[in-house]
Amino acid sequence: MKPNRKLAETTTPDGAHMVLYEHDGAYCIRLNGQDLMHSSVTASELRLGELAAETLSKQPDSLVLVGGLGLGFTLKGLLAKGGPSARVQVAEIIPQIVDWNRSFLAHLNGTLLDDPRVEVLLRDVWTVIAGAEPARYDALVLDIDNGPTAMVQKQNARLYSLKGLQQIASVLKPNGRAFFWSARPDPAFALRLARGGFKVQVVPAPLYPGAKRYAVSIYVAEKQ
């Protein structure tokens, strides 16, 4: 059996230990020893990006904000379906994640960062949202935790609070949409979205192609 090979490591702003591993051609990022993302189970991230792209398909010069780069699969799905006129901002608070994508993961999705439609913002996505003018974005995509539970950074919890969701709504254009990846169903989060001014749809997604069950919930929140 081939061993896990540690490629790089860093510390998050919250002081957590983040490590990039390679095993038999697959890549994994772990946070404090727990799998955060893995290149062999990416169907739901691709679907997340594709759903966001559907919002942009008929809108020229559309703008979407992606919270979290990860292994780049959400960005891949978005760019594949978003069309040539779509513009994508990727907010990533951990610069080493961007560096890993450009180096160790260049053959995976790292070259997407050089797509002329993409702008990388080395900032916390909350800072980007809080500083944006009203009705700036057609879509906002959040895949920075394992769902509406702050995991990578404790301050992410504000994104999923009622006040945070109202802030997200304010930077979306009329009928714009926010997309949230969640590892499990979260009815309380769906209720907060509704209270925050969104029409909510839950889209089930598989972890990998051909999976017999849909393990992931993608919350699609349309601004009302």
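All of these numbers come straight from a predicted model, not from anything done at the bench.
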Hydrophobic cluster identity match, [X] and [Y], side-chain contacts under 4.5 Å:
X	Y	answer
L36	L207	yes
V88	L108	yes
L122	L20	yes
V203	W181	yes

Short side-chain to backbone donor-acceptor contact, [X] and [Y], under 3.5 Å:
X	Y	value
D35	I29	no
R117	L79	yes
R192	Y160	yes
S161	G164	yes
N32	H17	yes
S39	Y27	yes
S103	D99	yes
K223	N175	no

If we only count heavy atoms from C-beta on, is the V171 to V128 side-chain gap below 4.5 Å?
-> no
Identify whether the distance between the nearest side-chain nitrogen and carboxylate oxygen of K199 and E222 falls below 4.0 Å.
-> no
Candidates V90, L56, L48, L112 - the one meeting side chain to side chain contact (heavy atoms under 4.5 Å, CB included) with L78 | L56
Among V120, D143, L113, D115, whose side chain to side chain contact (heavy atoms under 4.5 Å, CB included) with L75 holds?
-> L113
Would you say the side chains of Y219 and D186 form a donor-acceptor pair under 3.5 Å?
-> no
Residues, nucleotides or ligands: over 12 heavy atoms within 6.0 Å of R195 CZ | no
Test salt bridge (charged side-chain N to carboxylate O under 4.0 Å, His left out) applied to E50 and K81, step by step | CA-CA 6 Å; E50 290 168 356; K81 301 288 186 179; 5.3 Å; no
Closest contact, heavy atoms only, [X] versus [Y]:
X	Y	answer
W100	A8	NE1-CB, 3.3 Å
F104	L7	CZ-O, 3.4 Å
A205	I218	CB-CD1, 3.9 Å
A221	L193	CB-CD2, 3.9 Å
I93	P13	CD1-CG, 4.0 Å
A190	V200	O-CG2, 3.8 Å

Go through the steps to decide whether R177 and D138 satisfy the test salt bridge (charged side-chain N to carboxylate O under 4.0 Å, His left out), and finish with yes or no.
-> CA-CA 7 Å; R177 292 180 178 180; D138 296 274; over 6 Å; no
side-chain hydrogen bond (donor to acceptor under 3.5 Å, both in side chains) between Q89 and Y137, worked out = CA-CA 10 Å; Q89 292 181 339; Y137 294 102; 2.6 Å; yes
